[in-house]
Amino acid sequence: MKRKSFFTLACALILNVFFVNAQSSGQHYAGKIIDMHEHIALNDGEQHNMSAERNNTVKDILANISNGHLAKAAIITMAQKGQMDQTRLRNDSVIHLSQLYNSLIPICSVHPMDGAEALAEMERVQKLGVKIIKLHPNSQQFDVSSPDVAAIAKKAGELKMILLFDSYNPVDVNEDGKLIMLAITHPDARFIFAHMGMVNFPQFITLVGLDKYPWYKKNMWFDLSAIAPILGDSPFRDQLVWTIRKIGVQQFLFGSDFPMFDPPSTIKSIYKMKFTKKEEAQIFYTNACNLLQIRP
Ligand SMILES: [Zn+2]
């Protein structure tokens, strides 16, 4: 009798575990993921610049992929003003790594105030297959409305490149409006606004109005790095998800901002936003494939 009830209990437990696993694995998208936002340390001195918890050498980034969380990761470098030799060297390093490992997508950088040299560098890296240029108004210390930035956007349009902008600047509350204007006035360039403006995300609801105009080219995308782990499970969640759906889920990309956040916890934070499984598939994978013309 005792043996029989133990057997029944064990069976019930096994079935229960099976059912819970089946339920949780079926609840969310579990296919390929492209992380559109990982910072890479290109030399030893940089390893602890962005995170006290995690290193971000190429080894660490490749580990994120081999751990099974990601299919591809975009690796970002950042240019400093007046250091063109370093800018070229760093861009070459990122390109070289992407040639060594086809799971890495190169994101190069220029500084807008390097003028003609920055534009020439964009041409050079584009010829080497680079599609995305990273710009960070706050840490590179430039104003998005300056003519130097407009020149970069014009060049990106000519070269069919994408500009990945950090879109949260605590010292320029008008920055998201400036980014929207930059995108509107450079319809041939494409833009990714990283972090979706963070606490200023409601500003981007403007895009719903823009959609009404026949001339609007839908050239703005967003990555959910930082904003998903910070606001995705907060009292702002419903507003955030509503805003994303209003703009159109097809414009949103997954990014972890590694090493500040790690991919597994950022993936979980997207799950907590309660998108449908179909929307998760778009955010985690197919939107990036469409933007970068990667065959899924
Ligand atoms: Zn970042």
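Start at 1 and go down the list; that is how both ligands and their atoms are numbered.
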Glu121 and Asn91 side chains, donor-acceptor separation under 3.5 Å
yes
Under 2.8 Å from the Zn ion (ligand 1) - protein N/O/S, by chain and number:
His37 NE2, His39 NE2, Asp257 OD1
Hey, mind stepping through Tyr168 and His195 against ring-ring contact (aromatic ring centres under 6.0 Å, His included) and telling me if it holds?
CA-CA 7 Å; Tyr168 174 65; His195 323 311; 8.3 Å; no
Any chain of hydrophobic side-chain contacts (each under 4.5 Å) joining Met78 to Leu164?
no
For the pair Tyr29 and Phe284, name the ring-plane relationship: parallel under 30°, tilted 30 to 60°, perpendicular over 60°.
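Geometry flag for Phe284 against Tyr29: parallel rings.
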Could you check whether the rings of Trp215 and Tyr213 sit parallel, tilted or perpendicular, using 30° and 60° as the cut-offs?
parallel
Results of side chain to side chain contact (heavy atoms under 4.5 Å, CB included) for Val173 - residues two or more places apart only:
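By the side chain to side chain contact (heavy atoms under 4.5 Å, CB included) rule, Val173 matches no residue at all.
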